[in-house]
*Asks:* 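Sharing a structure here in structure tokens format.
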Protein chains: 2
Amino acid sequence: MKPTIKDIAAESGVSIATVSRVLSHKTGTYSEKTQTKILAVAKRLGYRKNSTAVELVKKKAAVIALIINATPTNFSTQIIDGIQRRASELGQGVIILYAGNRNAELQHQAIVTALERAVSGILLAAIEPDAEDLTLLKESHVPFCFVSVYLGTDKVLSVSSDNEKLAATTTDYLLDRGHTHIGLAGVDTYHTGSQRIAGYQKALAARDIQETTIKYGDYSYESGRQLLAEFLPLKVTAIIAASDMVAAGLLNAAQEAGIAVPEQLSLVSIDGTDICRITTPALTSLTQDFYQIGAQSVDRVMGEKAATFVPVEMVERGSVKSVSRGG
Amino acid sequence: MKPTIKDIAAESGVSIATVSRVLSHKTGTYSEKTQTKILAVAKRLGYRKNSTAVELVKKKAAVIALIINATPTNFSTQIIDGIQRRASELGQGVIILYAGNRNAELQHQAIVTALERAVSGILLAAIEPDAEDLTLLKESHVPFCFVSVYLGTDKVLSVSSDNEKLAATTTDYLLDRGHTHIGLAGVDTYHTGSQRIAGYQKALAARDIQETTIKYGDYSYESGRQLLAEFLPLKVTAIIAASDMVAAGLLNAAQEAGIAVPEQLSLVSIDGTDICRITTPALTSLTQDFYQIGAQSVDRVMGEKAATFVPVEMVERGSVKSVSRGG
DNA sequence: ATAGGCATTGTAAACGTTTACGTAACGTGC
DNA sequence: GCACGTTACGTAAACGTTTACAATGCCTAT
């Protein structure tokens, strides 16, 4: 049988209350002598605390729930890493709950599971909630925060890149290099996609360019591969890919079609994970700081100070070529 | 205040025992009438069970702990996916605990945390345990299973690819295509690395080839990049990379050095994740079934039937060239 | 009518902690 | 010697469930 504080109490001739006080470091409530004695007995018995019992009486688990979509992208590792590290610093564990692939039922189920465990916070990574989920979360009185998704309002906690600004920056980057026929590939039809489209359109409009070429997708490699064919007849000279995977798909499809990157087609991807270094040529990217997004979302949900938007960075590699103006 | 079964009991005029029985589907112990009544009240009150209380009285949490290294490789997503899905089928949740990067202290801490929560099983992915950890695990009487690591003994539960056989298969594959100067790049110095080295050496010895060229690494892209230079003076015609990332590193370093793949150098990578499709040329790989490894490890740790070794598959892409015999 | 069985429900203990409250012992200052 | 504060510890309730056991009522076979 696993030893409990009761066993330690009996063994050392004190009450369980004293044992509890010593073991949970309620300093100032016990003498050094009893501390030494109890610690020795605890060690000898191989005592390990029962977190479940602690959580029951405290009515709060020192755990953050992370609900995450099995998206076809690959940044989740960095987000999880950031969350995990920061949570650990704050003395919180992390439960990860998968919500399938935009599966409303599983997504709902994951939230319920988190609520049942009285977690101290809920993080929703790359999740676009429906109205029901949002109500459920709000009524639960458990703090929650969207990660890498911004719902367009500050009423709901959120940590992400500023998608609109990021898309505008990327578009400007290509405009500055002489491109005027610029496509946008692989965006979704939810908040993130809409925000990026808005930034893309604004940047073009600011230079009096009416032509926009938007192709929707699901952020996957396959998505990128398929979309290339749709861009070909449109004589764009540059494409902004909604993810590294989309960019890789576009790149490989282009190479198979005999289109040289960056000579005939420039590519910029949004994300900036390791994928960008691996392709040939390496992909120039608007790099998001996923680690920070994860870390700050923990701060956010735990009530610490944190930014809503995490800065991004343009990283030049080899997939963009400047073209002569008026081209 | 969150409603409890006590509230439901009061509201519907029955005892908490009856409520509990209805809510936990102890069929045959309550009438249909009370069931209807209690369910209605529960719904009206917005009742949600308190898992913590359940776990305390049952002395077991319906949760599997997954302890995982932040390795520089990228297969963890697939493993987690397999674990998550299978666990969910068995009604188990999953807690993921990071163990840093081969950080003995964190690793130990993660095991202790799992033990404190009375989890139903512990999964250790890509973890090489030290003696102390192993003792701790064994004494805890909680079932545990190594994932994607085989300790070389069947006394400890484990699900992985058969590293020795897999390395031999890969080596044979290259031998069959006329290569006789074959390198092995990026293996570690623990169980997995040793087993692969053994397979590699045996396959060569079986064809009376004494020359072996082994370069150690940490499975990372950087590792691959750096190791290429060490192979160059050794005039190997083919290299087996210990991971996709290593292969990608070797590939890109080769291209920068003006060495054509596969014309001048053949590459096979062990893992077979999406990375292999993204590089140019695409990487031929000895593909592991990480999803199955994850899924079966859940079966293993939960006492269901499961294999220790999960089959692998050779997937031909574009990074291997046959050479004329005697080359 | 009666014993036995079954269906349904209630009572209360148990799980392992934390913590409010009470209390005893021991100064300390007067 | 007394009031008081402080220190150290114990008692017992509480957290929200599950479940062994007891109790009740009803039905059936005799």
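The chains referred to below are lettered A, B, ... by the order of the sequence lines, with proteins before strands, and numbering in each begins at 1.
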*Asks:* Going by atom types alone, do B/T308 and B/R300 pair a side-chain donor with an acceptor below 3.5 Å?
*Replies:*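 Indeed, the side chains of B/T308 and B/R300 share at least one donor-acceptor pair under 3.5 Å.
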
*Asks:* Calculate the interatomic distance between B/E55 atom CD and D/dC15 atom P; express it in whole Å.
*Replies:*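 That distance rounds to 19 Å.
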
*Asks:* Respond yes when some side-chain nitrogen or oxygen of B/S15 is under 4.0 Å from OP1 or OP2 of C/dT9, and no when none is.
*Replies:*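 Answer no for this pair, as no side-chain N or O of B/S15 is under 4.0 Å from OP1 or OP2.
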
*Asks:* Rounded to the Å, how far apart are A/L115 CG and D/dG16 C1'?
*Replies:*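 One finds 16 Å between C1' of D/dG16 and CG of A/L115, rounded.
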
*Asks:* Report yes if at least one side-chain N or O of A/K49 is closer than 4.0 Å to OP1 or OP2 of C/dT17; otherwise report no.
*Replies:*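 No, A/K49 has no side-chain N/O under 4.0 Å of OP1/OP2 on C/dT17.
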
*Asks:* Between D/dT19, D/dC9, C/dT17, which nucleotide gets closest to the side-chain atoms of A/T18?
*Replies:*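 So the nucleotide nearest the side chain must be D/dC9.
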
*Asks:* Counting N and O atoms only, with roles assigned by atom type, does the side chain of A/S20 sit under 3.5 Å from a partner on the main chain of A/I16, one being a donor and the other an acceptor?
*Replies:*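 Pair absent, no side-chain N/O of A/S20 close to backbone of A/I16.
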
*Asks:* Any donor-acceptor pair under 3.5 Å linking the side chain of A/S24 with the backbone of A/K26?
*Replies:*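 No: the side chain of A/S24 does not pair with the backbone of A/K26.
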
*Asks:* Quick one: B/R48 CZ to D/dT17 C1', roughly how many Å, whole number?
*Replies:*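 These atoms are roughly 17 Å apart.
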
*Asks:* Between A/S161 and A/I293, what is the shortest heavy-atom contact and its length?
*Replies:*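 Taking A/S161 first and A/I293 second, the nearest heavy atoms are OG-CD1, 3.7 Å.
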
*Asks:* Indicate the atoms forming the closest heavy-atom contact of A/I83 with A/V94, along with that distance.
*Replies:*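 Between these two residues, the closest heavy atoms are CG2-CG2, 4.2 Å.
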
*Asks:* If you assign each of B/I16 and A/A53 to its closest nucleotide in DNA chain C, which residue comes earlier from the 5' end?
*Replies:*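 By nearest-heavy-atom nucleotide position, the 5'-most residue is B/I16.
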
*Asks:* Return no unless some side-chain N or O of B/Y30 is found under 4.0 Å from OP1 or OP2 of C/dG10.
*Replies:*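 No.
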
*Asks:* Want to settle it: does A/Q35 or B/R21 sit nearer the 5' end of DNA chain D, counting the closest nucleotide to each?
*Replies:*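 Nearest nucleotide further toward 5': that of A/Q35.
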
*Asks:* With respect to the side chain of A/A17, which nucleotide from C/dC21, D/dA12, D/dT17 is positioned closest?
*Replies:*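 Ranking C/dC21, D/dA12, D/dT17 by closest atom to the A/A17 side chain puts D/dA12 first.
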
*Asks:* By nearest atom, which of the nucleotides C/dG10, C/dT9, D/dG16 is closest to the A/K59 side chain?
*Replies:*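 Looking only at heavy atoms from C-beta outward on A/K59, the closest nucleotide is D/dG16.
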
*Asks:* Please report, rounded to the nearest Å, how far the P atom of D/dC15 is from the CD1 atom of B/I5.
*Replies:*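 That distance rounds to 12 Å.
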
*Asks:* Touch check for A/T34, heavy atoms < 4.0 angstrom, all strands: base, sugar-phosphate only, or nothing?
*Replies:*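 Sugar-phosphate, no base atom in range.
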
*Asks:* Using a cut-off of 4.0 Å on non-hydrogen atoms, how would the nucleic acid contact of A/V54 be classed: base, sugar-phosphate, or nothing?
*Replies:*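 If one applies the 4.0 Å heavy-atom cut-off, A/V54 turns out to touch the sugar-phosphate alone, with no base involved.
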
*Asks:* Of the options C/dC21, D/dT18, C/dT17, whose atoms approach the side-chain atoms of B/V57 most closely?
*Replies:*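 Of C/dC21, D/dT18, C/dT17, D/dT18 is nearest to the side chain of B/V57.
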
*Asks:* Quick one: which residue pairs count as a ring pair (Phe, Tyr, Trp, His ring centres under 6.0 Å) with a foot in residues 9-53 of chain B, not counting sequence neighbours?
*Replies:*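 Passing the test, one end in residues 9-53 of chain B: no pairs.
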
*Asks:* Measure from the side chain of A/L56, starting at C-beta and using heavy atoms only, and say which of C/dG16, D/dG10, D/dA12 lies closest.
*Replies:*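 The listed nucleotide nearest to A/L56's side chain is C/dG16.
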
*Asks:* Expressed as a whole number of angstroms, how long is the span from B/I38:CD1 to C/dT8:P?
*Replies:*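 Rounded to whole Å, this separation is 13 Å.
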
*Asks:* Could you tell me how far apart A/N50 (CG) and C/dC15 (P) are, to the nearest whole angstrom?
*Replies:*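 My rounded result for the distance is 12 Å.
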
*Asks:* Does D/dC9 have OP1 or OP2 sitting under 4.0 Å from an N or O in the side chain of A/S31?
*Replies:*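 Affirmative; the distance criterion is met.
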
*Asks:* Could you check how far CD of B/E116 sits from P of C/dC15, rounded to whole Å?
*Replies:*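 From B/E116 CD to C/dC15 P: 20 Å.
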
*Asks:* Nearest whole Å is fine: how far is D/dC9 C1' from A/K33 NZ?
*Replies:*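 Computing the A/K33:NZ to D/dC9:C1' distance gives 12 Å.
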
*Asks:* Measuring to OP1 and OP2 of D/dT17, would you say a side-chain N or O of B/K58 lies under 4.0 angstrom away?
*Replies:*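 For B/K58, the contact criterion (side-chain N or O under 4.0 Å from OP1 or OP2 of D/dT17) is not met.
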
*Asks:* Check the phosphate of C/dT18 against A/K26, side-chain N and O only, distance under 4.0 Å to OP1 or OP2. Yes or no?
*Replies:*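 False: A/K26 side-chain N/O out of range (4.0 Å or more) of C/dT18 OP1/OP2.
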
